[in-house]
Amino acid sequence: MMQESPDPEDDETPTQSDRLSMLSQEIQTLKRSSTNNSYEERVKRLSVAELNELLEEIETAIKDYSEELVQQLALRDELEFEKEVKNSFISVLIEVQNKQREHKETAKKKKKLKNGSPQNGKQERGHMPGTYLTTVIPYEKKNGPPSVEDLQTLTKILHAMKEDSEKVPSLLTDYILKVLCPT
């Protein structure tokens with residue numbers, strides 16, 4: 001059996017989070033090691049150069065913490081958006097499935113009624129209700145789940161299907177050309 005060798009990059013340098021944690025622990029240790037008065041006494045005894053060095057370290061730590069915070073907030077926003085898109089897709093899919101079920105039952109009832117009564121020989125022309133509700137969206141299963149962009153596109157198609165909109169064919173064509181058969 002083959003085993004994966006450990007990644008050499010994993011051990012080389014600590015991550016930014018690790019450095020921030022270490023710096024934070026050092027600051028906490030300094031604070032706990034003595035009372036506020038003795039901490040203040042030590043700071044008062046520092047030379048201007050040492051104070052400037054300490055200031056520089058603290059400013060660097062603040063900058064690093066701020067960058068990490070911004071990155072984590074951006075990630076949180078991205079995950080929140082992805083969750084909203086997925087929830088929206090699921091909701092619309094369920095609504096369309098329910099509408100399809102209702103449409104199917106209604107069509108069965110109409111068919112029974114038409115079989116029992118003679119027809120006038122007239123066929124309805126134009127857009128029949130439920131025409132786009134029965135549309136099948138082609139889907140190609142990939143290695144992972146669909147991307148957020150794909151889900152947004154599918155959600156638009158499902159909304160149009162739910163509303164029985166005449167936009168369904170064009171949305172479906174765009175989806176097929178852009179997602180399933182990209183050039």
Side-chain angles (χ1 to χ4, degrees), residues 1-10 13 15-21 62-183:
M1 283 173 77
M2 294 181 66
Q3 293 182 349
E4 288 185 64
S5 60
D7 191 359
E9 292 181 6
D10 287 345
T13 57
T15 65
Q16 185 175 3
S17 297
D18 293 338
R19 283 186 295 135
L20 293 174
S21 295
I62 290 170
K63 180 181 171 220
D64 290 346
Y65 279 127
S66 296
E67 288 173 2
E68 180 72 19
L69 178 62
V70 168
Q71 289 173 354
Q72 292 299 320
L73 289 173
L75 177 62
R76 183 195 68 186
D77 291 346
E78 191 176 309
L79 292 173
E80 181 108 1
F81 177 72
E82 184 176 333
K83 179 179 144 189
E84 288 174 17
V85 168
K86 288 178 179 179
N87 285 338
S88 176
F89 171 77
I90 291 168
S91 296
V92 175
L93 178 63
I94 291 170
E95 290 173 9
V96 168
Q97 288 173 336
N98 289 338
K99 243 185 163 177
Q100 286 174 332
R101 196 174 300 115
E102 290 172 13
H103 177 72
K104 191 175 184 180
E105 290 171 4
T106 305
K108 281 183 182 178
K109 287 178 185 176
K110 283 184 181 180
K111 191 173 184 179
K112 285 182 182 179
L113 290 175
K114 283 186 179 180
N115 288 339
S117 64
Q119 293 183 352
N120 295 337
K122 296 180 184 175
Q123 286 189 333
E124 294 181 33
R125 293 186 180 219
H127 179 76
M128 302 253 312
T131 301
Y132 300 114
L133 194 57
T134 57
T135 302
V136 175
I137 302 172
Y139 180 73
E140 185 177 293
K141 195 169 188 174
K142 299 176 183 172
N143 291 340
S147 68
V148 173
E149 294 79 20
D150 290 353
L151 284 175
Q152 286 176 307
T153 303
L154 290 168
T155 303
K156 280 183 189 176
I157 295 169
L158 289 170
H159 269 294
M161 286 172 61
K162 184 181 96 178
E163 301 300 322
D164 203 30
S165 170
E166 293 185 12
K167 294 179 181 179
V168 172
S170 64
L171 290 171
L172 200 54
T173 302
D174 289 346
Y175 168 74
I176 291 169
L177 292 174
K178 292 178 183 172
V179 177
L180 296 180
C181 305
T183 53

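FYI, side chains are in, hydrogens and waters are out, and symmetry mates aren't considered; it's all heavy atoms of this structure.
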Report the distance from atom [atom1] of [X] to atom [atom2] of [Y], rounding to the nearest 0.5 Å.
X: Leu75; Y: Glu80; atom1: CG; atom2: CD; value: 11.5 Å
X: Leu154; Y: Leu172; atom1: CG; atom2: CG; value: 9.5 Å
X: Ile157; Y: Phe89; atom1: CD1; atom2: CZ; value: 10.0 Å
X: Thr134; Y: Met161; atom1: OG1; atom2: CE; value: 7.5 Å
X: Leu93; Y: Asn98; atom1: CG; atom2: CG; value: 9.5 Å

Qualifying residues under side chain to side chain donor-acceptor pair (under 3.5 Å), relative to Glu95, sequence neighbours excluded: Lys162
Short side-chain to backbone donor-acceptor contact, Tyr175 and Pro138, under 3.5 Å: yes
Donor-acceptor contact present, side-chain Gln100 to main-chain Leu133, <3.5 Å: yes
Non-hydrogen side-chain atoms of [X] and [Y] separated by less than 4.5 Å:
X: Asp164; Y: His103; result: no
X: Leu158; Y: Ile137; result: yes
X: Val148; Y: Gln152; result: yes
X: Leu73; Y: Arg76; result: yes
X: Tyr139; Y: Pro146; result: yes

Smallest separation among heavy atoms of Asp150 and Lys142, with atom names: OD2-NZ, 3.7 Å
Verdict with reasoning, Lys63 to Glu67, per salt bridge (charged side-chain N to carboxylate O under 4.0 Å, His left out): CA-CA 6 Å; Lys63 180 181 171 220; Glu67 288 173 2; 3.8 Å; yes
Partner set under salt bridge (Lys or Arg N to Asp or Glu O under 4.0 Å) for Glu163, not counting sequence neighbours: none
side-chain hydrogen bond (donor to acceptor under 3.5 Å, both in side chains) contacts touching residues 84-93 (sequence neighbours left out): Glu82-Lys86
From CA spacing to verdict: salt bridge (charged side-chain N to carboxylate O under 4.0 Å, His left out), Lys156, Asp174: CA-CA 11 Å; Lys156 280 183 189 176; Asp174 289 346; over 6 Å; no
Exceeds 12 heavy-atom contacts within 6.0 angstrom, atom NZ of Lys99: yes
CA sep, side-chain torsions, deciding dist, call: Glu68, Gln71, side-chain contact (heavy atoms from CB on, under 4.5 Å): CA-CA 5 Å; Glu68 180 72 19; Gln71 289 173 354; 3.7 Å; yes
